[in-house]
Protein chains: 2
Amino acid sequence: MNIPDTATADKTISINALKISCSACSMHQLCLPMGLEDADIDRLDKIIGKRRRLERDEPLYKMGEPFRNLYAVRFGHFKTYQINVAGEAQITGFQMAGELLGMDAISGDRHHCDAVALEDSEVCEIPFAHLEDLFGHVPTLLRHFHRIMSREITREQNVMLLLGNMRAEQRFAVFLVNLSARYAARGYSPTRFQLRMSREDIGNYLGLTIESISRLLSRFKKLGLVHVDKREVELLEPARLKAMAAGTEQCSPMA
Amino acid sequence: MNIPDTATADKTISINALKISCSACSMHQLCLPMGLEDADIDRLDKIIGKRRRLERDEPLYKMGEPFRNLYAVRFGHFKTYQINVAGEAQITGFQMAGELLGMDAISGDRHHCDAVALEDSEVCEIPFAHLEDLFGHVPTLLRHFHRIMSREITREQNVMLLLGNMRAEQRFAVFLVNLSARYAARGYSPTRFQLRMSREDIGNYLGLTIESISRLLSRFKKLGLVHVDKREVELLEPARLKAMAAGTEQCSPMA
DNA sequence: CGCCTATTTGATGTACATCAATAAAAGTGG
DNA sequence: CCACTTTTATTGATGTACATCAAATAGGCG
């Protein structure tokens, strides 16, 4: 998997250090080093473990595995899901570049869910024990880490709201608008993007079936809200979609 | 609201300090000070703000209010919920003694949901800025705080699983078994306890209607799984309830 | 090209919601 | 303490949003 650096280790240290510098990473304004001064970024760089590449469908970690690292997505997309005794899964989130994986494992010392790459992707390994050591020396980092964990809590609360009392159409609008905002924050088009996950994954995440997702897409298409070709999506009426997501507007029944 | 301590301030410091000592609190093994040495508990005590009493239905905080404190429940019960534009609520959790409220407000600096007392209750105010200061000096406390936040994340993931792909009966079994375990951890009976929340609250939390909850209770009663009188519940067959919660057993259809 | 998987679309079923009525508590004021 | 209203809970009848079942279509890829 990883290029062995046995004899050349000494020579490549500086190169590797450069290679995995957070400041050189395009995601450093969204990711863990956000808001850090250069000196502190250097300290963070020193503890960041190796990068890890994953291909489509490859697991980053599995439920029950001992917890050692958090992971920051460098590029690509992931999904996290829990499996119950019956073998059914519930997808708990989709993660993209700059987002952190594994925080649910801190309590319990074991991973609490599975994380799988949706496409060829790369992550930074962040040894959590070292990160904890660093917290004592870089309060800004600690503050930001707490914000990230807190944001994960609010994100999940929003999903609870979605699953608990939204109709299918609103759920799907929320999903699209959320993706749009996250791509926008990364400098991508908020109106044109690719769905990295299957219809089945979307349905599972939203508490719906694949057929429902398919029908919703067809309906949104017919209403001129979106343009869809395979997994390529264009939001034609972002304002109306946002209104649907907020619950202030609803489109016609199934017809 | 609070007893003003103007002239007597100096004299009462020690008494107050004693009064709000974490080590004297019956919840200290479940709450923030868990696992701390006495010296560190003292440091924590020093930053803990005043206690606050709330009566039934009184809000502890409301969505949008600036975030200053976390709150530890000393006794009583709370619910937290989000409200959407349509004015509908989604309850995101019920909190009991020893549990922490407000972590979702850390990102954003404002409360992200409402918290309301379900009965006469008391909390400890924990000024978050001071807690952050303390983190640099008490690594054990920091570690434990991360575990608490992480546990909140996994709790919410479990609710997502519940809302996303469990049938009503299983949801309700999960709910009862969860309460049972939490009361057990606090030294109360795992089989006999009072529901502190209304049927409506339960339904809202579980993504069901009040009528469904009522029917489920009646059915569980008829099946001899529980004994119910008003809000007093006795779990007559905890093992079967656990099996239902796990999804390995299901009771008969509505009949 | 042919197999395999992903997606779409239609027909039917059902778990739970909604509507409606009653009953039982809980609070309120005299 | 007792009428009174108001809230909360139960139970039944009916409706519906979405699931399930089924079949067809379309890509992806060896």
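Everything numeric in this text was worked out from a predicted model, so none of it was measured. Letters A, B, ... are given to chains in the order of the sequence lines, protein chains preceding strands, and every chain is numbered from 1. In what follows, every heavy atom counts, from backbone to side chain, and hydrogens, waters and symmetry copies are set aside.
- Per the geometry, CD1 belonging to B/Ile202 stands 11 Å off C1' belonging to D/dA9, to the nearest Å.
- Rounding to whole angstrom units, CG of residue B/Asp201 and P of D/dT8 are separated by 9 Å.
- Each end of the helix from C/dC1-D/dG30 to C/dG30-D/dC1 gets its own axis from five base pairs, and the two axes differ in direction by 50°, given to 10 degrees.
- Between the side chains of A/Glu119 and A/His77, at least one donor N or O sits under 3.5 Å from an acceptor N or O.
- Whole-Å rounding puts the B/Leu216 CG to C/dA15 P distance at 13 Å.
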Can you build the contact string for nucleotides 6-14 of chain C? Use B for base contact, S for sugar-phosphate-only contact, and - for no protein heavy atom under 4.0 Å.
-SBBBB---
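- Of the charged side-chain nitrogens involved, none lies within less than 4.0 Å of a carboxylate oxygen, so that B/Glu211 and B/Arg199 do not count as a salt-bridged pair.
- In this structure, B/Arg56 and B/Leu208 both approach DNA chain C, and ranking their closest nucleotides by distance from the 5' end singles out B/Leu208.
- Results of the salt bridge (Lys or Arg N to Asp or Glu O under 4.0 Å) test with B/Glu99 over B/Arg74, B/Arg151, B/Arg155, B/Arg182 single out B/Arg182 as the only residue that passes.
- For A/Glu232 and D/dG27, the CD to P distance is 15 Å, given to the nearest whole Å.
- Atom CZ in A/Arg56 sits 10.5 Å away from atom OG in A/Ser121 (nearest 0.5 Å).
- The shortest heavy-atom contact between B/Leu163 and B/Arg171 is O-NH2, 3.3 Å.
- The residue A/Gly203 sits apart from the nucleic acid: no heavy atom pair falls under 4.0 Å.
- The interatomic distance linking A/Phe172 (CZ) with D/dA17 (C1') rounds to 17 Å, in whole Å.
- One interatomic measurement links the two molecules: CZ of B/Arg167 to P of D/dC18, which rounds to 14 Å at whole-angstrom precision.
- No donor-acceptor contact under 3.5 angstrom links the side chains of B/Asn84 and B/Gln90, judged on distance only.
- The nearest whole Å value for the distance from the CG atom in B/Leu163 to the P atom in C/dA15 is 19 Å.
- Evaluated for a side chain to side chain contact (heavy atoms under 4.5 Å, CB included) with B/Leu206, the options B/Leu162, B/Val159, B/Leu216, B/Ile91 yield exactly one hit, B/Leu162.
- The distance between atom CG of B/Asn165 and atom C1' of D/dA19, rounded to the nearest whole Å, is 13 Å.
- Using modelled atom types and a 3.5 Å distance limit, the side chains of A/Asn158 and B/Gln82 yield a donor-acceptor pair.
- The residue among A/Asp229 and A/Arg171 whose nearest nucleotide of DNA chain D is located toward the 5' end is A/Arg171.
- Ring centroids of A/Tyr205 and A/Phe94 are separated by less than 6.0 Å, placing the two rings close together.
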